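Here's the structure, in C-alpha cells; my notes come after.
Nothing here was measured: the structure is a model prediction, and the numbers come from that model. Chain identifiers are assigned alphabetically (A, B, ...) following the order of the sequence lines, protein sequences preceding nucleic acid strands; residue numbering begins at 1 within each chain.
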Amino acid sequence: MNTRSSWADLAANSAAESTNAGSSANNGSVGTTSGNAPTRPTYVPPHLRNRAASSDPPAAANSGPASSNDRSGYGGGSRWGVPRNDYRGGYGGGRGGWGNRGGWDRGREREVNPFGDDDETEKPLSEQENTGINFDAYEDIPVETSGDNVPPPVNTFADIDLGDALNQNIRRCKYVKPTPVQRHAIPISLAGRDLMACAQTGSGKTAAFCFPIISGIMKMQDQSAQRPPRGARTVYPLALILSPTRELSMQIHEEAKKFSYQTGVKVVVAYGGAPIHQQLRELERGVDILVATPGRLVDLLERARVSLQMIKYLALDEADRMLDMGFEPQIRKIVEQMDMPRPGLRQTMLFSATFPKEIQRLASDFLATYIFLAVGRVGSSTDLIVQRVEFVYEPDKRSHLMDLLYAQRENGVQGKQALTLVFVETKKGADSLEHWLCINGFPATSIHGDRSQQEREQALRSFKTGNTPILVATDVAARGLDIPHVAHVVNFDLPNDIDDYVHRIGRTGRAGNSGLATAFFNEGNASLARPLSELMQEANQEVPDWLARYASRPSFGGGKNRRSGGGRFGGRDFRRDSTFSRGNSDYYGGGSSGGYGSSGGYGGGHGPGVTSAWD
DNA sequence: AAAAAAC
C-alpha cells in the first residue's frame, strides 16, 4: 500500500491552488506577465500583485487594506500570534540536548534505553510515525554494484549474522526488512570490503554503515581485542564516523546509540559549538565508535585526547560534501596525516546521495580496492517528491512565499501549518526572512551557522515538534537531516549547484513517503536552468515551458555552471548517453549485480562515472 | 559568492 503522506498531499493541493491563484498556470508569480513569463520583467509591487487575480483561498486575506503590511492579517490574533516561540520549551526536556542527559550509567546494565520502551509496551502508532518506512516504495529500485567479487545482497536481516543483541535492536527499531542500500551495503561491509555508495539519505544509509561496524566491534570484543594502554587520557576509538554538520553528527549518534543498545559498544559524539568538557568526559568513559565533525575532531587529536591508531572502520557520511573544496584539507589531515591506519589496514565506507566523478576521484585516495554501489531513489525516480518551479522575481519572493504558506495553512489538518522547510542562500537572508515571517504571523524559526549551537538545536527541535512549523535554513540543513513529516521544501533561493538542490529537496519525501518541493526561479538562477530541467525530466516531473526555454539558451549551456562543463549533471545522463568508459578501470572489472540491465555498469572511479544516485 | 567546520 503506497501510503502517501497526507500532509504532503495537502501541501501539494494548497500549493496548486496558490499557483492558480497567482496568475497563469505555468507562471505562478507575476500576474501581469502571464504567458511569456520571465523574459519581460514587469514588476508589480507585492501589495498590488494579488489584487487582480483574486481567487478562492487567499480571498479573505486579500480583502484587507492594500498596504504592504496587509499580510499580517493572515495570522493576526490567530493561534500563531506568538512570534519566535521557539525559545520556550526549556533545555533538558527535549530529546537532543547535549551533555550526558543519559545520566550516570556506568556499565551496560545502566545504559539508558534509547527506545524509551523499558516495559516493552508496544506503541504501534507513534512508533510507526517515526520509523514507518514505506517499503513498498522500495520495490522497484534500480541498484547497481561494480567491483570484484561483489558479495550478493541479502533479502532479510535474518540472512545476516549480526548477532543477537543487534538483531534485537533492529526489531526494536521496527525494521522489518532491509532497505535496498542495506541489502547490498551490509554484506559488502561484513565481507570486509571498502565501499563507495550512492544512496538517497533517508533510505536507511546510517544503519547500512552502523550495523556492520557495531557487529564487527562486537566480534572484536569477543576476541578481547588488545587495546593500547589507556595512558595520558588518550582514547582509542575503533570506528570513526565523520559528517559535515553538527546536527547530522548528533543525529547519527542518536541512531547509532539505538543500534548499539546493550551490545556493549560505546558510541560518543564530538562536535563544535558545545562545551568540550562534557565531550571529553564522555570519551574518558570509553568509546568504540566516535561520531564527529571535522573541526572538533582535529582539536581532540591535537590535544592528544583521541588517537586514531586503533581505527578499524572509517565512515564518511555525505562524503562528496566532505571532500569538496572547503572540507578536503581538513579531511585529508584527519585521514592521511594523523595516526589513522592506511587504506587496507582499516575498512573505509563512503556514503552520499550525490557523488560527482571528480569527488569520486579524490575519494579513491582513501579507499583500498573498493566496490561501488549505486542505489536508486526511493520509488526509482523523484515521483515521490512533486517538484515545482515557479518564476518569481527577487522582490516578489516574500509575498509569493506567503501565498504558499497561507494556502497551505488554510488547507492544513485542523488549521495546522504543515512542516515547511525554506532554504535561502545566506545567513543574513535567513535571519531576515525568519523575522519577516514572524512579524507577519507565521510561526518560523531559523537555522544557520551564525546562530549559537543552542539556538540551532532548539530551532530544529521546535520545527520537528511542530511548535514552529516553518524553518528557514541555509545549506547547513540541506544534507542528511532526517526530519519526519516535512511536507514541503521551498527553495526560496535556489542553490548554484544542482547537487545541493538534490540534497535539499531530499529533506521531504523521506522513507518512501511523498513530499512537495517548490523552487523560486528567476534570471539569477539561469545557470541552473539546464541541470534542473534535466533532473526534473528524469524524475518525470513537469518542466514548465519557460524553464525549458531557459535551459536551451546557448549562453547558459556551459561556462557558468561550476565544475560541470557542459551538460554536467547527474548520473543518469552519463550512463544513458553511453558515457561508459568501457571498463578500463581496475576497480570495475566485473561483478555486476542487479540494476540497469546488462550494460555492464559505469565507468570506473577514475573515469566518467556516476555522479548522482538519482537513478 | 556563500555555507560549513575549533578555540
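Contact check on Asp431(A) versus Lys428(A) returns no salt bridge, with no Lys/Arg side-chain nitrogen under 4.0 Å from an Asp/Glu carboxylate oxygen.
In terms of polar N and O atoms assigned as donor or acceptor, the side chain of Asn496(A) comes within less than 3.5 Å of the base of dA1(B) in a complementary pairing. With hydrogens and angles ignored, no donor-acceptor pair closer than 3.5 Å exists between the side chain of Arg246(A) and the base of dA4(B).
We find that CG of Asp497(A) is positioned 13 Å from C1' of dA1(B), with the value rounded to whole Å. Distance Ile331(A) CD1 to dA4(B) C1': 11 Å, rounded to the nearest Å. Look at NZ on Lys428(A): it is 11 Å from P on dA2(B), rounded to the nearest Å. Following rounding to the nearest Å, Asp493(A) (CG) and dA3(B) (C1') show an atom-to-atom distance of 13 Å. Between the CZ atom of Arg321(A) and the P atom of dA3(B) there is a distance of 12 Å, given to the nearest Å. Straight-line distance from the CZ atom of Phe327(A) to the C1' atom of dA2(B): 14 Å, rounded to whole Å. In this entry the distance linking CD1 of Ile276(A) with P of dA6(B) reads 10 Å, nearest Å. Rounded to an integer number of Å, the gap from Ile447(A) CD1 to dA4(B) P is 9 Å.
Here dA5(B) is the nucleotide among dA3(B), dA1(B), dA5(B) with the atom lying nearest to any side-chain atom of Thr293(A). Candidate nucleotides dA6(B), dA5(B), dA3(B) were compared by shortest atom distance to the side chain of Glu302(A), and dA6(B) ranks first. For Asp299(A), counting side-chain heavy atoms from C-beta on, the closest listed nucleotide (dA6(B), dA5(B), dA4(B)) is dA6(B).
In this structure a side-chain-to-backbone donor-acceptor pair under 3.5 Å is present from Asn440(A) to Trp436(A). Without hydrogens or angle criteria, Gln347(A) side chain to Ile213(A) main chain gives no donor-acceptor distance under 3.5 Å.
Between Lys427(A) and dA4(B) there is a side-chain polar atom (N or O) within less than 4.0 angstrom of OP1 or OP2. Considering only side-chain N and O atoms, Arg305(A) lies nowhere under 4.0 angstrom from the phosphate OP1 or OP2 of dA6(B). Dashed line: the shortest gap from a side-chain N or O of Thr426(A) to OP1 or OP2 of dA1(B) is not under 4.0 Å.
Within 4.0 Å of Val476(A), counting heavy atoms only, lie sugar-phosphate atoms of the nucleic acid but no base atom. As judged by a 4.0 angstrom heavy-atom cut-off over every strand, Asp475(A) is placed among residues making no nucleic acid contact. Gly272(A) comes within contact range of the sugar-phosphate backbone alone, with a heavy-atom separation under 4.0 Å but no base atom that close.
At a cut-off of 3.5 Å, with distance as the only test, a side-chain donor of Ser432(A) or Arg398(A) sits close to an acceptor on the other residue.
Comparing Arg303(A) and Glu425(A) by the nucleotide of DNA chain B whose heavy atom lies nearest to each, the residue mapping closer to the 5' end is Glu425(A).
Note that CD of Glu284(A) is 4.5 Å distant from CZ of Arg305(A), once rounded to the nearest 0.5 Å.
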